[in-house]
Structure formats: structure tokens, C-alpha cells
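Any value given below was found using the heavy atoms of this structure, including those in side chains, with hydrogens, waters and symmetry copies removed. Everything quoted here is computed from the prediction, not taken from an experiment.
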Amino acid sequence: MQKKSHQGKRFTPKLKVKKGDRVIVIAGAYKDRGRVREVLEVLPKENRVIVEDANMVKKHTRPSQDNPGGINEVPAPIHISNVQLVDPKSGEPTRVGRKEVDGKLTRYSKKSGEIIK
């Protein structure tokens, strides 16, 4: 009996951070470390997140009808291990757990036990 292949598709793990979450940057550039910001986008295939005003890079854009072009500063992705969710109760960094509530898996803060939206 042969195993079924995923035809080149790799398993992406369940991430503990979602778009709109408040996170603290715990590693990376010195100027970004310790900042509490919002997650703008999650990239599960690369295990990265884009955080508001963190890891800013200069991007050169070509002029078009809509955009005058020039050098813009845009946030670049950060590895998910370099951010930590902020506890909704205390405002401190916390780890995230998952538990079943009313038949649905919900995220909760390991520090306070508070359920995360």
C-alpha cells in the first residue's frame, strides 16, 4: 500500500497570532524591541508576521498614474518567534494556549487565563 503524497504541498502549523492582535516585538532591531504594535498581516507559509511600524525598510517605487513614485518606508515581515502576544488583562507579554469552549477551540492567555477574542 502506497502513502498518499501531498503533491508538493507542505503542512503549515496553526499559528498563535492573528491579524489585529496586539503583540510586543521581543527580538530584532534595537529600535523595534519592546514596542507594542498591531499585527497587519500573517504569512503562515513563511512563519512570519507584518507588524505596524516595526522592521521598516525603504522601498523604491516606480511612478504610475495612481502613485507619484519615490522612496517609501514600508514594514517588512518579522519571524513569528520574534513577537509575543500581549495579555489583554495585564498588558504584559504572554504565551498562548488553546482550549475547547462550547465545542470551539479558542485561544487563551497562559499568564492570566483570559480568553483572547
Side-chain angles (χ1 to χ4, degrees):
M1 186 169 193
Q2 287 187 346
K3 288 184 180 178
K4 288 186 178 180
S5 70
H6 292 284
Q7 294 151 356
K9 294 180 184 177
R10 297 197 66 175
F11 170 73
T12 53
K14 181 75 174 165
L15 302 179
K16 308 212 165 135
V17 177
K18 290 184 178 182
K19 180 180 174 180
D21 283 348
R22 307 268 307 149
V23 294
I24 186 166
V25 179
I26 56 172
Y30 181 74
K31 61 183 179 198
D32 296 332
R33 230 174 287 153
R35 287 183 170 184
V36 176
R37 297 284 189 250
E38 190 175 316
V39 174
L40 299 176
E41 191 177 343
V42 179
L43 309 167
K45 287 183 180 171
E46 293 103 50
N47 275 341
R48 292 179 176 270
V49 290
I50 297 177
V51 180
E52 176 184 31
D53 295 333
N55 197 22
M56 298 297 281
V57 293
K58 291 188 187 305
K59 182 171 181 167
H60 297 252
T61 53
R62 176 169 258 155
S64 66
Q65 279 189 324
D66 308 332
N67 186 9
I71 303 169
N72 303 324
E73 283 211 13
V74 294
I78 304 174
H79 197 271
I80 203 145
S81 65
N82 295 337
V83 296
Q84 201 167 15
L85 203 75
V86 172
D87 192 337
K89 202 174 202 178
S90 65
E92 294 177 2
T94 181
R95 291 181 299 145
V96 180
R98 293 164 65 201
K99 63 182 172 184
E100 198 170 328
V101 178
D102 300 328
K104 285 188 175 182
L105 272 179
T106 56
R107 300 179 302 153
Y108 72 97
S109 163
K110 292 258 186 150
K111 199 165 258 188
S112 67
E114 186 94 2
I115 291 179
I116 301 164
K117 57 171 176 142

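- Closest non-hydrogen pair, Gly20 versus Lys117, comes out as O-NZ, 3.6 Å.
- Asn47 is listed as a side-chain neighbour of Leu15, based on a closest heavy-atom distance under 4.5 Å.
- A continuous path of Ile, Leu, Val, Met, Phe, Trp and Tyr side chains, each step under 4.5 Å between heavy atoms, connects Val17 with Val25, placing both in one hydrophobic cluster.
- Checking Val49, Asp53, Asn55 one by one against Val51, the side chain to side chain contact (heavy atoms under 4.5 Å, CB included) holds for a single residue, Val49.
- Residues Asp87 and Ser109 approach most closely at OD2-OG, 3.2 Å, considering heavy atoms.
- The minimum heavy-atom distance linking Ala54 with Pro75 is given by the pair O-CB, 3.7 Å.
- Clustering ILVMFWY residues whenever any of their side-chain heavy atoms sit less than 4.5 angstrom apart, transitively, puts Val39 in the very cluster that holds Ile78.
- The line from NZ of Lys19 to CD of Glu41 is 7.5 Å long, rounded to the nearest 0.5 Å.
- Rounding to the nearest 0.5 Å places CG of Leu40 at 5.5 Å from CD of Glu52.
- What you find for Pro93 and Gln84 is that their closest heavy atoms are CB-OE1, 3.5 Å.
- A distance of 16.0 Å separates CD1 in Ile50 from CZ in Arg37, rounded to the nearest 0.5 Å.
- What you find for Lys99 and Gly113 is that their closest heavy atoms are NZ-O, 4.3 Å.
- The two atoms that bring Arg98 and Tyr108 nearest to each other are N-CE2, 3.6 Å, heavy atoms only.
- In this structure, OG1 in Thr94 is found 8.5 Å from NZ in Lys110, a value given to the nearest 0.5 Å.
- With hydrophobic clusters built from ILVMFWY side chains whose heavy atoms lie under 4.5 angstrom apart, Ile80 shares a cluster with Val96.
- When the side chains of ILVMFWY residues are joined at heavy-atom separations under 4.5 Å, either directly or via intervening members, Val86 and Ile26 end up in a single hydrophobic cluster.
- Proximity of Lys111 to Arg95: side-chain heavy atoms (C-beta onward) are nowhere separated by under 4.5 Å.
- Each of Lys18, Arg22, Arg107 was scored for a side chain to side chain contact (heavy atoms under 4.5 Å, CB included) with Ile116, with one residue passing: Arg107.
- Note that CG of Leu105 and CD of Glu100 are 6.0 Å apart. Values are rounded to the nearest 0.5 Å.
- Counting only distance, with no hydrogens or angles, the side chain of Asp21 and the backbone of Val23 share no donor-acceptor pair below 3.5 Å.
- Remark: the backbone N or O of Gly70 is paired with a side-chain donor or acceptor of Thr61 at under 3.5 angstrom.
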